Participant: 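Right, I'll just put the structure down here and ask away after.
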Amino acid sequence: MSQPLPAFPEGFTWGVSTSAYQIEGAVTEGGRGPSIWDKFCREPGRVQRGETGDVAADHYHRYAEDVGLMADLGIGAYRFSIAWPRIQPTGTGPANPAGLAFYDRLVDALLEQGIDPIATLFHWDMPQPLDDAGGWANRDTAARFGEYADLVAARLGDRVKLWITLNEPVMHTYLGHMDGSHAPGRTGLDSAFPVVHHQLLGHGLAVAAIRRHTSGAGVSIANNYTAVWAVGADGTRDSAGDEDRAAAAGYDLLHNRLFTDPLLLGSYPPGYEMLAGADVDSVVLDGDLRVISTPLDWLGVNYYNPSGIGAPQPDALMPFDAPPLAGFPTTGFDWPIAPDGLREVLVGLHERYPGKMPPIWITENGCAFPDGDGPDTDRIAYLDGHIRAVHAAMAAGVDVRGYFVWSLLDNFEWAEGYSQRFGLVRVDFDTQRRTPRASFDWYRDLIRGGTQ
Ligand code: IFM
């Protein structure tokens with residue numbers, strides 16, 4: 001951290017990311033319908049201390065103040081998500097004018113400050129009625145998502161030039177539909193593959209919808225990637241054996257390839273059958289992979305930490321175990337801090353998909369540390385290390401165009417409620433007072449210096 005940061009190319013975009021349910025609040029205002037997170041938060045034991053996104057950071061009412069913070073920070077672009085239940089309160093039918101009007105106001109406020117809006121269409125807050133009809137396990141949801149994308153792009157496509165269809169479908173699948181720790185809280189393997197495939201199909205239909213309403217817009221998906229390191233039961237790489245390495249290869253397939261091979265290569269990676277079972281032919285219909293592999297303009301990479309993976313415990317649901325990775329400092333979430341994992345992920349993507357990989361944007365990277373009045377040095381060190389890792393990947397030939405900190409504000413961190421604070425800006429959730437942390441000043445200085 002004491003060394004100056006290396007120079008980034010002219011035009012490299014610095015930004016911050018957020019998502020609708022995590023900051024907006026106002027869940028019953030402006031005609032918004034219920035989402036799967038509204039329901040999930042009300043189920044006992046699902047979210048720490050029974051917290052909800054009902055108010056969150058009250059961004060719905062305070063967006064102008066938040067755009068002011070972004071202007072102070074000097075970012076070039078802001079990645080936010082659109083709440084599907086604000087646009088289509090029941091998940092189908094015409095657009096709700098008040099829902100569109102909110103994002104109109106937000107987009108216009110950003111543009112007035114010279115900040116490019118980057119809109120994500122789905123960051124996990126599905127309208128509840130769609131989930132009641134099966135959610136992503138139901139093929140019809142992909143078509144509904146395409147229609148929703150059409151409504152949003154028709155309205156915002158004149159001003160929003162960068163689009164993301166889905167956020168982290170891999171995490172939405174595993175946490176929401178396999179281990180049940182996120183909404184909609186399903187468990188098991190039965191519907192996992194249809195959930196994977198229908199999200200991807202919905203993505204492809206949304207790409208077409210966005211392109212119908214925009215000219216020269218860049219369309220993408222943001223996925224979560226991790227560096228996968230084989231470890232023994234003690235969590236060290238040195239003690240990994242052959243079974244651990246085999247388990248790590250399987251995990252790499254599920255986490256890093258399952259949602260990327262179909263997009264870039266037009267096929268699922270060999271071995272995906274461990275998730276799909278015998279049902280593949282009834283789920284993947286003729287022409288689907290062509291829709292899914294519509295060329296992307298760019299790829300969003302969300303990276304937080306590497307994963308230590310070893311051989312599964314007896315009777316485990318999944319064919320791997322994930323013991324804590326030994327020997328690394330950790331964030332408030334106990335996630336290991338290993339910036340080189342980001343370099344490895346970026347170089348790995350570049351090498352795995354030669355000639356197929358569009359330019360990459362780091363659409364999320366950041367860390368949670370316990371709240372307090374401390375000097376925020378841990379967050380600064382985390383960001384500094386990871387930005388250097390991005391630079392190292394670029395020096396190795398990876399085409400990276402932007403970097404976005406997760407997140408602008410402390411927010412509702414899903415099942416952890418408000419306990420994990422990712423913000424460059426501290427939020428007092430009793431008063432909604434915003435206080436920029438030292439990492440805010442540090443990031444502002446980095447952006448101002450540009451290349452430092
Ligand atoms: O808060 C989440 C975000 O919604 C998706 N990516 C990871 C972040 C930190 O857990």
Side-chain angles (χ1 to χ4, degrees), residues 15-25 35-38 40-41 46-48 51-53 56-57 59 78-84 118-126 164-177 179 181-184 199 220-227 255-256 259 299-307 322 330-338 341-342 345 360-371 378-379 382-383 386 402-427 429 439:
V16 291
S17 293
T18 64
S19 90
Y21 190 75
Q22 293 180 271
I23 63 167
E24 283 181 3
S35 79
I36 56 173
W37 273 95
D38 298 294
F40 187 78
C41 289
R46 294 295 204 180
V47 176
Q48 280 194 32
E51 289 168 342
T52 74
H59 173 77
Y78 171 53
R79 175 186 170 225
F80 62 98
S81 81
I82 292 175
W84 190 349
I118 303 185
T120 301
L121 289 170
F122 182 70
H123 199 122
W124 304 351
D125 45 357
M126 173 174 285
I164 293 172
T165 55
L166 306 176
N167 179 70
E168 295 185 1
V170 67
M171 304 316 290
H172 186 56
T173 304
Y174 296 155
L175 301 177
H177 299 80
D179 85 4
S181 60
H182 276 195
Q199 285 180 93
S220 172
I221 188 169
N223 218 341
N224 183 292
Y225 293 94
T226 184
H255 195 122
N256 292 326
F259 286 90
L299 178 72
V301 168
N302 295 359
Y303 173 88
Y304 288 87
N305 55 276
S307 303
T330 53
T331 68
F333 238 133
D334 284 337
W335 294 348
I337 302 173
L342 176 53
V345 159
I360 288 174
W361 295 52
I362 311 301
T363 35
E364 286 182 26
N365 178 237
C367 53
F369 285 104
D371 195 22
D378 288 341
R379 193 182 320 271
Y382 179 100
L383 297 174
H386 285 78
Y403 173 91
F404 287 64
V405 174
W406 183 271
S407 185
L408 174 69
L409 303 169
D410 289 343
N411 59 31
F412 175 77
E413 177 54 32
W414 309 116
E416 310 299 320
Y418 295 94
S419 63
Q420 295 293 337
R421 290 175 174 264
F422 278 91
L424 296 175
V425 177
R426 180 178 188 275
V427 176
F429 291 106
S439 51

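Each ligand, and each atom within it, is numbered from 1 in the order the structure gives. The structure presented is a predicted model; accordingly, all values stated were derived computationally and were not measured. These values consider heavy atoms only, across backbone and side chains, with no hydrogens, waters or symmetry-generated copies.
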Participant: Going by the rule side-chain hydrogen bond (donor to acceptor under 3.5 Å, both in side chains), which residues pair with His59 if we only count those two or more places apart in sequence or in a different chain?
Facilitator: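 Applying side-chain hydrogen bond (donor to acceptor under 3.5 Å, both in side chains) to His59 gives Asp66.
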Participant: Phe404: what forms a ring pair (Phe, Tyr, Trp, His ring centres under 6.0 Å) with it, not counting sequence neighbours?
Facilitator: none
Participant: Work out which heavy atom in Asp410 is nearest to a heavy atom in Val427; give both atom names and the distance.
Facilitator: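 In terms of heavy atoms, the two residues are closest at OD2-N, 3.2 Å.
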Participant: Please tell me whether His255 and Asn224 have a donor and an acceptor in their side chains that are separated by less than 3.5 angstrom.
Facilitator: yes
Participant: Taking all heavy atoms of Gly332 and all of Pro370, pick out the closest pair and write down the distance.
Facilitator: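 That closest heavy-atom pairing would be CA-CD, 4.4 Å.
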Participant: For Tyr418, give me all partners under ring pair (Phe, Tyr, Trp, His ring centres under 6.0 Å), at least two apart in sequence or on another chain.
Facilitator: Phe412, Phe429
Participant: May I have every N or O pair linking ligand 1 to the protein at under 3.5 Å, one per line with atom names and distance?
Facilitator:
from     : atom 1 : to     : atom 2 : distance (Å)
ligand 1 : 1 (O)  : Gln22  : NE2    : 2.9
ligand 1 : 1 (O)  : Trp406 : NE1    : 3.3
ligand 1 : 1 (O)  : Glu413 : OE1    : 2.6
ligand 1 : 4 (O)  : Gln22  : OE1    : 2.7
ligand 1 : 4 (O)  : His123 : NE2    : 2.8
ligand 1 : 4 (O)  : Trp414 : NE1    : 2.9
ligand 1 : 6 (N)  : Glu168 : OE1    : 3.3
ligand 1 : 6 (N)  : Glu168 : OE2    : 2.9
ligand 1 : 6 (N)  : Glu364 : OE1    : 2.5
ligand 1 : 10 (O) : Glu413 : OE2    : 2.7

